[in-house]
Number of protein chains: 2
Amino acid sequence: MDLTKATKAELEEQLKTLNEQYEGYKARNLKLDMSRGKPGADQLDACEGMLTAVKVSADTVYEGLDTRNYGVMEGIPACRRMFAELLGVPMEQVLAGGNASLTFMYDTVDRLMMFGAAGVDQPWVKLDKVKFLCPVPGYDRHFAICQQFGIEMINIPMDENGPDMDMVENLVSQDETIKGIWCVPKFSNPSGVVYSDEVVRRFANLKPKAKDFRIFWDNAYMIHDIVDEKIEIPNLIEECAKAGSPDMVFEFCSTSKISYPGAGVCAFAASPANVAWQQKYMKAQQIGPDKINQLRHVLFFKDAVGLKAHMEVHKKLLRPKFDAVIDTLEQNLAGSGAGSWTAPKGGYFVSFDAMEGCAKRIQQLCKEAGIVMTGAGATYPYGKDPKDSNLRIAPSYPPIEELKLAMEVFCVCAKKAAVEKLLAQ
Amino acid sequence: MDLTKATKAELEEQLKTLNEQYEGYKARNLKLDMSRGKPGADQLDACEGMLTAVKVSADTVYEGLDTRNYGVMEGIPACRRMFAELLGVPMEQVLAGGNASLTFMYDTVDRLMMFGAAGVDQPWVKLDKVKFLCPVPGYDRHFAICQQFGIEMINIPMDENGPDMDMVENLVSQDETIKGIWCVPKFSNPSGVVYSDEVVRRFANLKPKAKDFRIFWDNAYMIHDIVDEKIEIPNLIEECAKAGSPDMVFEFCSTSKISYPGAGVCAFAASPANVAWQQKYMKAQQIGPDKINQLRHVLFFKDAVGLKAHMEVHKKLLRPKFDAVIDTLEQNLAGSGAGSWTAPKGGYFVSFDAMEGCAKRIQQLCKEAGIVMTGAGATYPYGKDPKDSNLRIAPSYPPIEELKLAMEVFCVCAKKAAVEKLLAQ
């Protein structure tokens, strides 16, 4: 039934049924979590061999380098090569780091705040105002970095091809205080959108007013496909170099969702000038990343081909979970007007757009029924979703039976919130 | 022969002999490194068992926590407990981090610059001037952090009991722009000095003019004794709490020189308010440290007793190296007036004070003969040793035969520099 076209009597009837269903779920004292994009234990088990990739002292010496000792701030050459191959850039343009690209992103913004960008050297902290563009819905941890540094965030709408590039071009060409933009170009968090080739090329050809404008290209899901179709996006580092703006992009990626979120390795890739800039300031902060763990990754995955092959295992484990989420949504909400959702080809999320003004209510209803969702609003800067509509569903972590049950509860909550809203109008 | 009392003729005779010896060494094309406090491969081998402390997926789950997945920013409880026991503070006052306490120190200064101290919240970057006190000779990487952030450094002389506390008390009580001091309280880098109980208590009782003055207590060598004598210093966190200034101290330590410099774990300890302050700002930068590696440390060392027991192995390996350095200095330079040196009871360095104005020349002579030393001046802020006298000798890394040879060359260089200087006067 299309709730938006129902009569008051029909809605009241619906609400009665929904309330009964909802109370039934509540009585079961569920405790289910769909809040974070955490890999499931089965995905982590696929990496078991990495734990013993380095077994004895002799294994720690690789290509003449004792990974146990100090030094090699830029990461061990073999690990930089592996990431370079994956990202399609020369290894000299890659720094391999420790656990979590988030820290590399934060530290990069921090260095821009404190010391300014390569060749500009104007610390952002000395400016009256610094602004970042934020395609929405987006990743809450990107927004949290901006918020911590007092960087003003401007929402940029997204469609199925990526951010609204007319708006991006227009803003960056006119406003010198706009210094950056956060992008998750492949399988965007949370929408799953893959930036089109045209969008990527328009990024490369931006002519920002600010010389120190930087694109934060968080390629978090670059090989995290859940369909067999080959999905690739242009190499922005290459495209920026071609367009004469080699220093405009910082690329980040990690193995957090390939090996272990709690013990992975990450990479930063950029122009030679930007890599030199990072190293200049990293020197006072770091002696070297965990090199033994980098070596474990190299020995276990071997190369980019090995990384991609490993992701076939994840695909097989994740696909049924995404299917379960989308099937449940289809079965329960299709045509109801209570919301719409994405059917992503990869990444970690299904993005759900509830009837306007219902997201917070849905989250609250879920919570009271024992289902933890990412906070409504979290996918927007400052936690403020102007339409109170978007919710991020993370299917990866719960076992599939729990996930199905959680989604059934979610659908009841979504419909209940919609009916309540329509009745209140 | 006491060179300072020799006649010109005697000095010229000496120089001739020294030049011959020096040229002899040069002809051997040596390549020896005494520059950094790197553990020797034999010390690292002692940790081999840690590599397989976590062997299969089931091992990664400890106390109900899957260390492979996201989260637990403050470090796994077992690792915090181990450090808490070692440092003598409640585990709630400890954060366990990743590889390198240097990064934790840098990030702490960075947060003070950007956001200000707990309860004061005045970002240092907004102030006209920020100064740190630097006991000298000291650790070059501490000074590099200050230099990067534009923090002005003031030299504080040290004696065998620690920094000149009259000077410290005087300065901090009068000058509000003095915001911190770097301390390596046990086996100072490079002098090996152990702060006396009185010095530690005077630190706890400082009454700084700046409410956001912080003691950076880098307890890098807290269990790194090379003699059997029991050497302990008072617990500054406890002493500061007793003195009514619980928030004045940040303590740091790591396993860089216990397990692996390239794959260790570190800790930050402080008052509850300071720990809450760290966590508040860490949240935007970090999701969690490498928890599997923390677990490896816990399983391998078990507890503080295990950590200390492991250091007995290091002691046995390091003691002969320190003895070799000091014996060679004794045999070649005692009574010569060419320099004096420390005979530390632990830590990683022998501090050598050359005849004034000779340190740079000695380093250059060593370099030309194939011996890499830490740069003359490196033990002083801005790399400026006012007397051009101090050199840091790091005995740990080279095999003992190489070390002896390197020290023989060093002694010839030290005498040659002294004779040259005396002849030029």
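In what follows, chains are A, B, ... by sequence order, proteins preceding strands, each numbered from 1.
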Would you mind checking which part of [X] comes under 4.5 Å of any heavy atom in chain B, side chain (CB onward), backbone (N, CA, C, O), both or neither?
X        : answer
A/Tyr106 : side chain
A/Arg296 : side chain
A/Lys126 : side chain

Identify which part of [X] has an atom lying under 4.5 Å from any heavy atom of chain A, answering side chain, backbone, both or neither.
X        : result
B/Asp107 : side chain
B/Asn293 : side chain
B/Ser259 : neither
B/Met113 : side chain
B/Pro289 : backbone

Note: B/Arg68-A/Asp45 ion pair, threshold 4.0 Å (strictly below): yes
- request: Tell me, with the steps shown, if B/Met114 and A/Val125 meet side-chain contact (heavy atoms from CB on, under 4.5 Å).
  value: CA-CA 8 Å; B/Met114 283 299 312; A/Val125 73; 4.1 Å; yes
- prompt: Is there a donor-acceptor contact under 3.5 Å from the side chain of B/Asn69 to the main chain of A/Tyr260?
  reply: no
message: Quick one: does any side-chain atom of B/Gln285 pair with a main-chain N or O of A/Thr103 as donor and acceptor, under 3.5 Å?
response: no
- request: Please examine the side chains of B/Arg141 and A/Ile287, heavy atoms only from C-beta on, and report whether any two atoms are closer than 4.5 Å.
  value: yes
statement: Here the gap from B/Thr52 atom OG1 to A/Leu51 atom CG, rounded to the nearest 0.5 Å, amounts to 11.0 Å
message: I'd like to know whether A/Tyr70 forms a side-chain contact (heavy atoms from CB on, under 4.5 Å) with B/Tyr397, so could you lay out the CA-CA distance, the side-chain angles of the two residues, the decisive distance to 0.1 Å, and finally the verdict.
response: CA-CA 11 Å; A/Tyr70 282 116; B/Tyr397 190 65; over 6 Å; no
